[in-house]
Peer 1: 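Pasting a structure here, questions to come.
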Amino acid sequence: MEELSTDLLIIGSGLAGILSALEAERLGLNVLMVGKFTIGMGTNTAFASTFTVANSRFSEKDHLRATLESGKGLNHLKLVKTLIENGPDAMKRLRDYGIPLIEKGMGYTVDRPEDSSQLPGVLLIKTLVERLRNSSVRLLPGLIIFDLVVEEGEVRGAFGFLKDGKPCLIQSTSVILATGGAGAIYRRNDNQKSILGDGYALALRASLPIFDIEFVQFYPFVLAEPRLSTFILLPPYPKEIRLINEKGENLLEKLGIEENINWAIMTQRDRLSIALYEASQQGDVYFDLTHVPDEKWNYYPLNFLKKSKFPFQERPFLVSPAIHFFMGGTEIDEKGKTTLPGLFGAGEVAWGIHGANRLGGNALTECAVFGIIAGHSAAEYARTKDNGEKQSTPSEVLKRRWERKVKGYIKRKRGTFDHPRDLLKGLKDLAWKYAGPIREKGSLEEGLDRLASIEKRIERVYSATLKDLFKKRDLENVALLLKAILKGSLLRMESRGSFFRKDFPDQDDQNWMKNTCYHLEKGELQITHRPCYQ
Ligand SMILES: Cc1cc2nc3c(=O)[nH]c(=O)nc-3n(C[C@H](O)[C@H](O)[C@H](O)COP(=O)(O)OP(=O)(O)OC[C@H]3O[C@@H](n4cnc5c(N)ncnc54)[C@H](O)[C@@H]3O)c2cc1C
């Protein structure tokens, strides 16, 4: 078994992870960062570009109002205020790191030449990874964390497998969870394939509660052509764009957003996604860009589509809503602390800011603000804690315990030959069908029944190879999360923000100004509700 030791371990190399690493390193800590792939790659950050932050035309008051309006009463107010107050400084920090930010709309966006078809998020992440490479932060790509190491009520590191199959035990005084969200657990999603909610599952298995995981945000428009990979169709949309159904009817007109689709995409994603989901139950829905003049195809984002072999300029193409973002996650306070001593959280894995729906652009701001805060707090914690009691390698007792656990992971010899890939596809289809934009009692119960039968098949998956072991872990994580989403949705008898119950279409403030708390007790998922923080 590979054994490593550090002051601070950061799990995840998206924006939240990288900024926390740079902050802790600046404070003189030994920092180790791990990610599933090459550092910075396979992150949702690489797709994103817009930060909602107060600027010369959008005040902190505007930001507060818009965030709370989207969150529909479920936001954790202290966290929102921390986000808003620290946003401008976080933008300054990003500029200091060499990110070309320009003021735009409700905040800032990553700037690059207008005719460049490179995704701005790729420029963002590459610039930051370059900065990391010139720092003392140790980078360990290709490590998949399976468990947090918890001893005597505090986090002491993490355990995982390297891509070559070698088990790896990392002892660390503090740990930052920056594992992103879980969008790829749905068949239709615009996330990176590997964003499967590992962080939520890691937290639950370490006896930490997670909150409001039934609130998932859908993005109305992703490419849904069968032979092309699903990807988000980013704004700004040209004014000539048409959204049509099979009969050629203009759906933007029907939705009343023909004139302001770009504003609607920032502020009304839930309404648009539900409408699109319903429309696509009646038949296919298409974007038609054939009326867009040639010169507009030289600029982003159309020049990105123009690079594809698909004739976007010549014929309408299928679109669909898709899962985009998870509002729920692990609880943190204004210092980025979770309720488990030594464990901090930042980015999409964390819960509290967005409430029942996220204002567009607030996710990157959250990563930037809370990445820096978590890096700072985790560094302070490690410093205080390490005072005299630091060990250079994992203790013998710890090692032996984890060696036994490794045997448990690899030993399974009997089982069915259900292919993990088919089971994962089954789970993703189930998520889309039963826990999608529109939910109701009957279908949620049916979803839970179907999930129970897939769970039995997952238990019997034979981990003959390492690949199977990784896949099996994915299956277990996805099934756990899906169970939480279905059960939590069944209990919430109202509609709010991104959450829509067809059988309870109204927001019910009298009974449901509550956050949902999920935790594992002896391996069983328990769900309770508690009044919102205000
Ligand atoms: C297409 C798209 C466009 C978007 N555009 C915007 C936008 O313009 N503005 C905005 O505010 N938001 C946007 N978002 C949302 C935003 O991109 C994400 O919420 C944010 O980037 C998440 O960053 P993160 O650092 O939390 O996680 P990520 O950037 O997703 O990184 C997660 C990291 O965790 C690692 N990881 C996960 N599990 C494990 C494990 N078990 N072991 C080891 N490593 C692990 C991954 O390998 C990865 O390195 C967009 C999202 C998408 C999908």
Side-chain angles (χ1 to χ4, degrees), residues 9-21 33-53 83 87 104-110 119-121 124-125 128-129 139-148 158-163 168 170 176-184 189-202 217 219 221-223 230-235 265-266 269 301 322-327 329 345-350 353-354 358-371 374 470 473-474 477:
L9 166 66
I10 295 170
I11 310 172
S13 67
L15 183 62
I18 295 179
L19 289 189
S20 60
M33 168 179 279
V34 305
K36 284 187 177 178
F37 308 104
T38 306
I39 295 300
M41 294 299 108
T43 63
N44 274 350
T45 301
F47 288 147
S49 58
T50 308
F51 295 79
T52 293
V53 178
L83 175 91
K104 203 169 182 187
M106 300 191 294
Y108 295 84
T109 189
V110 178
L119 289 176
L124 169 71
I125 205 90
L128 289 173
V129 170
L139 306 177
L140 182 56
L143 176 71
I144 301 180
I145 297 294
F146 267 45
D147 295 285
L148 294 171
F159 167 82
F161 286 90
L162 289 156
K163 277 277 156 73
C168 180
I170 303 169
I176 297 179
L177 206 52
T179 42
N189 75 82
D190 62 5
N191 283 214
Q192 301 271 10
K193 274 199 190 81
S194 60
I195 299 294
L196 290 169
D198 298 24
Y200 307 127
L202 285 169
Q217 184 178 58
Y219 193 87
F221 307 120
V222 302
L223 181 67
T230 311
F231 65 80
I232 189 168
L233 296 158
L234 286 166
I265 203 79
M266 289 300 273
R269 288 175 184 178
I323 178 91
H324 185 59
F325 182 85
F326 268 65
M327 265 71 73
E348 194 169 333
V349 73
I353 289 171
H354 312 291
R358 173 179 67 96
L359 177 70
N362 261 353
L364 282 187
T365 310
E366 172 180 22
C367 290
V369 167
F370 283 90
F470 294 150
R473 193 49 158 190
D474 285 346
N477 288 348

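Computation of the quantities below employed the complete heavy-atom set of this structure, encompassing side-chain atoms and omitting hydrogens, waters and symmetry-equivalent molecules. We count ligands from 1, going down the list as the structure has it; atoms in each ligand are counted the same way. By convention here, the first residue in the shown sequence is residue 1.
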Peer 1: Can you check whether Ile145 reaches Asp198 side chain to side chain, under 4.5 Å on heavy atoms?
Peer 2: no
Peer 1: Would the distance check show the side chain of Asn191 and the main-chain N or O of His324 forming a donor-acceptor pair, the cut-off being under 3.5 Å?
Peer 2: yes
Peer 1: Taking Thr109's backbone N and O only, do any of them form a donor-acceptor pair with Ser49's side chain (distance below 3.5 Å, no angle check)?
Peer 2: no
Peer 1: Are Val129 and Leu139 packed together at the side-chain level, in the sense that at least one heavy-atom pair is separated by less than 4.5 angstrom?
Peer 2: no
Peer 1: Output the distance between atom CG (Asp190) and atom CZ (Phe47), rounded to the nearest 0.5 Å.
Peer 2: 7.5 Å
Peer 1: Might you list the protein residues in contact with ligand 1, defined as having a heavy atom under 4.0 Å from one of its atoms, sorted by chain and number?
Peer 2: Ile11, Gly12, Ser13, Gly14, Leu15, Ala16, Gly35, Lys36, Thr43, Asn44, Thr45, Phe47, Ala48, Ser49, Thr50, Leu143, Ile144, Ile145, Ala178, Thr179, Gly180, Asp190, Asn191, Ile195, Asp198, Ile232, His324, Phe325, Gly347, Glu348, Arg358, Gly361, Asn362, Ala363, Leu364, Cys367
Peer 1: For residues 361-369, run the donor-acceptor check on the side chains, cut-off 3.5 Å, and write out each pair with its distance to 0.1 Å, sequence neighbours left out.
Peer 2:
unit_1	atom_1	unit_2	atom_2	d
Asn362	OD1	His63	NE2	2.8
Asn362	ND2	Thr67	OG1	3.1
Thr365	OG1	Thr52	N	3.2
Thr365	OG1	Thr52	O	2.9
Thr365	OG1	Gly361	O	3.1
Glu366	OE1	His354	NE2	2.6

